[in-house]
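Position 1 is the first residue of the sequence, and the numbers go up from there. Order of appearance sets the numbers: ligands from 1, and atoms from 1 within every ligand.
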Amino acid sequence: MNQPETINTSKHDRDRFVALAFCWGDLLFELDVFGTITFCAGPLEAFTGSASQQVIGTQFVDMVSSADSMIFESFQRKTRDKVRLDDQMIRLKRATGAVIDVLVSGYWMDERFYLALRLRGKAGRPPLVNQSQPDFADTETFSQKAGRQIKTLEAQGQTPEMAIIGIPGLDELRDSLDETRAKAVLASVGLCLSASSIGGETAVKITDETFGLLQNPGNDLGGLHSRLSAAISAIAPGASNLQLSKVSLALDVARDLSELDLTRGLMYALGSVQKQSLRGSEVSSISETIFASISQSLSDIRNFRQIIDEKKFFVALQPIIDIRHGNIHHFEALCRFDISLPHNSPYQYITMGEEAGLIHEFDVAMAAKVIALFKKLPINNQKYSVSINISGFSIGVPEYVDALHALLQENPWTQGRLLFEITESYRISDLDVVNKFIQGLRRNHYKVCLDDFGAGAASFQYLSALDVDVVKIDGSAVRNAQKATKGRAFLTALTELCARLGVKTIAEMVDSPESLAFVRDCGCDYVQGFLFGKPSRDAADFHPLPNLKLFR
Ligand code: C2E
Ligand code: MG
Ligand code: MG
């Protein structure tokens, strides 16, 4: 009894949905997974000259102008990823050979691709790709996708290649166009290169005229030049004489790295290449720079990974001294990577770890090592504390925060005896997150110090947003204050400000009796510097404290 009614209802529903879809589009299509048209509704003949029934069973992409076929394929791929995409502009071919601009929206459901097409309102406007669409993936997204593809190919026994494509004259061409067309040209280049890359998503912009893309071994990228020329000349007629140059190299340097470390290495390499001024250089020299940078970055990451995993680093201690009495207030724990060179600064390694995104793993390993050492040292009595450096980068990584909290919970005896110094070598972006982290430590009786004050431009911003117990004035700022005419006034004002905020001050790099007298006059509470010994693995080196007489 109910059967016919159900059929009626579903037909009614279908008609209703089609009618609703027509509220936006003039033409509706359903495609199967292969892009074959299985349904078409709307006045197709008026658009292209072909009747709806004629196109059933054909490929939708065959209706699209050849200059836009890649744009459409990329749109289709992205819709599958994101389920829905709107307002892509493409051109359809008319039977007469002319083209017609349409806006497309796509929806992916149950292995079917639904398309609604709408005639562009204003005739005669230049056909453009969607303005809101980014031309290339950012470096991070590219590195993640490339890292995944490289690992997949490696698992299949293949060695992927990285092709560096130069399009000399592209910059000049874009300069000669209005802003909209200039953007559209870059977006077309992005789409064409992405479409030729592995997975359709592994292309990256290196300079304004140089691009990198991951490709299958031996792929000669045939057809890329003609597709690119067609896409560009559709936006900028007369620009068809652009030449491509290409260099490719096998990426067989990453087999021993995890996907994550490989991604970090690619990001780090591209970041350092993009910082260099390569504008106008030949593709061959740019590609040499890129490949050298990738190989250097992966080797740096490999070494740093080994340092972390095998705990191949050491702890050196340097005392922080109460300026009034000369008592050691606590020791700063500084990492060292070569036991035979105890005075070699780790700074370069640390900044590399920050830029490559694995310093947080090191910071946890260092904290664990310091705690283990602290348990064994002769300073293991209630009198001394040790401070541990934390990169601002690490605080933004939840795995680091969890691991540090777990470590501290396992060692509750460290409460009141460990301090943490937040270093400024990495620009902190989310001050709220950092302040929450700091307050969590302080609630658990760990004092927190803002390190490197005065070394960067953001020190006062950090001091105002972060509630800390101590500010450590960077050695360079102490030195500059001694040299500059207004230095004394500035440093005194800073220590007064800190005193008002209830924050103690440490002056760093105090290496002469004169600098000790200077920072004392300026009101600093504590000092640290070579005047009282260089960092050492043996805390006994500071008993008795060198130059203790300067406090008497
Ligand atoms: P920092 O935290 O500001 O550490 C103080 C630096 O000043 C140390 O350099 C120390 O050796 C140096 N120093 C102290 N007194 C004097 C002096 O009188 N003259 C001169 N010229 N230098 C002095 P070091 O050990 O080379 O460390 C450099 C930086 O590396 C540290 O600066 C810190 O930012 C970073 N670092 C060290 N260990 C770690 C760590 O475990 N984790 C993180 N994230 N960073 C660390
Ligand atoms: Mg420090
Ligand atoms: Mg410092």
Side-chain angles (χ1 to χ4, degrees), residues 304 307-308 311-321 330-338 341-371 373-374 385-397 400 404 407 418-428 434 447-456 459 462 468 470-480 482 505-516 518-519 524 526-537 541-542 546-547:
F304 207 66
I307 284 173
I308 297 170
K311 312 220 179 330
K312 280 168 75 177
F313 57 91
F314 312 92
V315 178
L317 299 167
Q318 193 183 24
I320 282 87
I321 301 136
H330 67 273
F331 287 90
E332 175 171 15
L334 295 157
C335 65
R336 293 289 181 265
F337 296 113
D338 188 338
L341 300 167
H343 300 311
N344 262 24
S345 175
Y347 193 69
Q348 254 184 319
Y349 256 100
I350 296 288
T351 44
M352 188 282 283
E354 287 176 331
E355 281 170 36
L358 32 70
I359 191 70
H360 59 288
E361 295 189 34
F362 177 77
D363 278 349
V364 178
M366 176 75 177
K369 195 165 246 196
V370 170
I371 290 176
L373 202 77
F374 199 7
S385 334
V386 174
S387 68
I388 296 175
N389 288 284
I390 301 178
S391 160
F393 175 92
S394 302
I395 303 171
V397 182
Y400 168 79
L404 182 71
L407 189 64
L418 280 186
L419 293 86
F420 292 94
E421 300 189 12
I422 316 285
T423 71
E424 212 199 282
S425 43
Y426 185 86
R427 184 108 177 80
I428 296 169
V434 174
K447 290 215 155 89
V448 178
C449 169
L450 188 57
D451 203 351
D452 309 322
F453 193 94
S459 300
Y462 292 172
V468 294
V470 188
V471 158
K472 194 189 268 191
I473 302 154
D474 193 67
S476 61
V478 171
R479 283 193 179 158
N480 291 340
Q482 274 174 271
T505 47
I506 303 173
E508 203 185 62
M509 286 200 201
V510 171
D511 55 5
S512 66
E514 294 72 32
S515 50
L516 174 66
F518 176 78
V519 297
C524 293
Y526 301 98
V527 280
Q528 173 181 11
F530 292 172
L531 187 59
F532 315 105
K534 290 196 169 177
S536 163
R537 294 188 66 209
D541 286 355
F542 306 103
N547 283 316

* **For ligand 1, the portion of Gln318 having any non-hydrogen atom under 4.0 Å away** => side chain

* Structure fact -> The closest protein heavy-atom partner of atom 34 (O) of ligand 1 is Thr423 CG2, 3.7 Å

* Sub-4.0 Å protein heavy atom next to atom 13 (N) of ligand 1 -> yes

* To do: Check Asn389, Ile395, Val468 against Ile422 for a side chain to side chain contact (heavy atoms under 4.5 Å, CB included) and give me the one that passes.
  => Ile395

* Please identify which atoms of ligand 1 are closer than 4.0 Å to at least one heavy atom of Asp452. => 3 (O)

* To do: Please examine the side chains of Leu418 and Val386, heavy atoms only from C-beta on, and report whether any two atoms are closer than 4.5 Å.
  => yes

* Any atoms of ligand 1 less than 4.0 Å from a non-hydrogen atom of Met366? List them with their elements. => 41 (O)

* Check ligand 1 against Ser345 and write out every atom of the ligand that is under 4.0 Å from a heavy-atom position of the residue. => 24 (P), 26 (O), 28 (C)

* To do: Ignoring hydrogens and angles, tell me if any N or O in the side chain of Ser459 forms a donor-acceptor pair with the backbone of Gly454 under 3.5 Å.
  => yes

* **Short side-chain to backbone donor-acceptor contact, Asp452 and Glu424, under 3.5 Å** => yes

* **Distance from atom 5 (C) of ligand 1 to nearest protein heavy atom, with residue and atom** => Glu508 OE2, 3.5 Å

* To do: Of all the heavy-atom pairs spanning Val370 and Ala333, show the shortest one and how long it is.
  => CG2-CB, 3.7 Å

* Would you say ligand 1 has an N or O under 3.5 Å from any N or O of Gln528? -> no

* atom 27 (O) of ligand 1: which protein heavy atom is closest, and how many Å away? -> Pro346 CD, 3.6 Å

* Structure fact -> heavy-atom search around atom 1 (P) of ligand 1 in the protein gives Asp451 OD2, 3.7 Å

* Structure fact -> Honestly, for Ser391 the part within reach of ligand 1 (heavy atoms, under 4.0 Å) is both

* To do: Measure the shortest side-chain to side-chain distance between Ile359 and Phe304 over non-hydrogen atoms and say whether it is less than 4.5 angstrom.
  => yes

* So which heavy atom in the protein is nearest atom 36 (N) of ligand 1, and how far is it from that ligand atom? -> Ile350 CG1, 4.1 Å

* Taking the side chain from Asn344 and the backbone from Phe337, do they hold a donor-acceptor pair closer than 3.5 Å? -> no

* To do: Run the numbers for me: atoms of ligand 1, each under 4.0 Å from some heavy atom of Asp511, listed by number.
  => 18 (O)

* Asked: Which atoms of ligand 1 are found less than 4.0 Å from any heavy atom of Gly529?
  -> 15 (N), 18 (O)

* To do: Looking only at protein heavy atoms, identify the closest one to atom 22 (N) of ligand 1 and say how far it is in Å.
  => Phe530 CZ, 3.4 Å

* **Pairwise side-chain contact, Glu508 with Phe453, heavy-atom cut-off 4.5 Å (strictly under)** => no

* To do: Compare every heavy atom of Gly533 with every heavy atom of Pro546, then report the nearest pair and how far apart it is.
  => CG-N, 4.3 Å

* Non-hydrogen atoms of Glu332 versus ligand 1: any pair closer than 4.0 Å? -> yes

* **Smallest separation among heavy atoms of Pro535 and His343, with atom names** => O-CE1, 3.7 Å

* Asked: What do you think, any protein heavy atom under 4.0 angstrom from atom 40 (C) of ligand 1?
  -> yes

* To do: Anything protein N, O or S sitting under 2.8 Å from the Mg ion (ligand 2): count it and give me the total.
  => 4

* Structure fact -> Closest non-hydrogen atoms of Ile428 and Tyr462, given as atom of the first, atom of the second and distance, are N-OH, 3.1 Å

* Structure fact -> Quick note on ligand 1: atoms under 4.0 Å from a heavy atom of Tyr347 include exactly 29 (C), 30 (O)

* Check: Lys472 side chain, Glu421 main-chain N or O, donor-acceptor pair, under 3.5 Å -> no

* Could you tell me which non-hydrogen atom of Tyr526 sits nearest to which non-hydrogen atom of Ile320, and how far apart they are? => CB-CG2, 3.7 Å

* Asked: Does the side chain of Arg336 come within less than 4.5 Å of Pro346's, by heavy atoms?
  -> yes

* Structure fact -> Nearest non-hydrogen protein atom to atom 43 (C) of ligand 1, with distance, is Asp363 OD1, 3.4 Å

* With a 6.0 Å cut-off on ring centres, are Phe313 and Phe362 close enough? -> yes

* Structure fact -> among protein heavy atoms, the one nearest atom 9 (O) of ligand 1 is Leu334 CD2, 4.6 Å

* Asked: For Lys472, is the nearest heavy atom under 4.0 Å from an atom of ligand 1?
  -> no

* Asked: For the residue pair Ser394 and Asp363, what are the closest heavy atoms and their distance?
  -> OG-OD2, 2.8 Å

* Asked: Checking Tyr400 side chain against Ile390 main chain: does a donor-acceptor pair fall under 3.5 Å?
  -> no

* With a 4.0 Å cut-off on heavy atoms, does Pro535 reach ligand 1? -> yes

* **Contact check: Asp474 vs ligand 1, nitrogen or oxygen atoms, below 3.5 angstrom** => no

